[in-house]
Amino acid sequence: MTSAETHDRAAQPRRDRDAVARRLLDSSEALSYDPVREVDWDTPLDEGFHGTSPEWSTLYGTPYWQEMTPEQQRALTRQEAASVASTGIWFEMILQQMVLRDFYAKDPTDPAFQWALTEIADECRHSIMFARGAQKLGAPAYRPRRLVVELGRAFKTVAVGEAAYAAILVAEEVLDVMQRDWMRDERVAPFVRTINNIHVIEESRHMEFAREETRARLAGAGWPRRQFNALVVAIASYCIVTSMVSEKVYANAGLDPERAIREARANEHHRSMLRSSCAGLMGFLHSAGLLTRAATWFYRRANLI
Ligand SMILES: [Fe+2]
Ligand SMILES: [Fe+2]
């Protein structure tokens, strides 16, 4: 092999990465939203609507769900939607800090650098949109449990490379599969559908970048590093997925929290919804070599596999 050929081989992944970042920048220029203008914030909340597709409720399919009035069911899914949005804000803040740290003092002429800042700007708008959405749904501040908040604080401060980007991907994909259903569902409040629609469109670019970065950072990673980061990503995913719906939603929807929590924890329907919608994501993690035995244990506990 000549030295020119060696050089060419090394430059190829770099060119691919530039091409992806340029395409994402173009796409973002062609199709991005300003939620302040696009979402109907002014029309008062119509309680005749759900907050999520009912099938995504943590109680759907349980005896408790059967006993609830349609009003109670709608009140519950509205609180659940607000909780998912609030968890989204929590994770988007982690994500923004990780991406900002990752690109600190790097080359600003690199398309990936400019894309990273574009993504952070998207997430910043998303978090404000989710905050206003949860408020309009009449929900209090939902936050993950204390331990998870502190683990998140550590993770956003130290996570780098594939650990950061694969965790970003999992959070974005899990949210994406739910929001794709909700944005099309006429039983869901129109302003919530708009929020979901904006998020799904803008996140599809983020997920492409996260997949690309995960693959790129893992290239050449040895066995110990892959094992370790696979486990870190799986634990992060477990924390994210189990924090999606706060246990406080039940009392805020006027239900008996003890019974609701008990039946939600045993709800096989909800688990199978999660599992079937995460099949594509698990396929990607498998192809990236991140589904190690230890990691799989956590994905199973989070009902993603
Ligand atoms: Fe987002
Ligand atoms: Fe994102």
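As the structure lists them, so they are numbered: ligands from 1, and atoms in each ligand from 1.
- Of all N/O/S atoms in Glu172, OE2 sits nearest the Fe ion (ligand 2).
- Arg301 CZ: 12 or fewer foreign heavy atoms inside a 6.0 Å radius.
- The number of heavy-atom neighbours closer than 6.0 Å to CE of Met93, taken from other residues, nucleotides and ligands shown, is 12 or below.
- Although no hydrogens or angles enter the test, the distance criterion places a donor-acceptor pair under 3.5 Å between the side chain of Ser237 and the main chain of Val233.
- Residues Thr77 and Tyr60 bring no donor and acceptor atom of their side chains to less than 3.5 Å of each other.
- When the Fe ion (ligand 2) is compared with the N/O/S atoms of His206, atom ND1 turns out nearest.
- In this structure, CG on Leu59 lies 6.0 Å from CE on Met68, to the nearest 0.5 angstrom.
- For residue Glu123, an N/O/S atom approaches the Fe ion (ligand 2) to within less than 2.8 Å.
- The ND1 atom of His126 and the OE2 atom of Glu92 meet at the Fe ion (ligand 1) at an angle of about 110°, given to 10°.
- Considering just the N/O/S atoms of Glu203, the one nearest the Fe ion (ligand 1) carries the name OE2.
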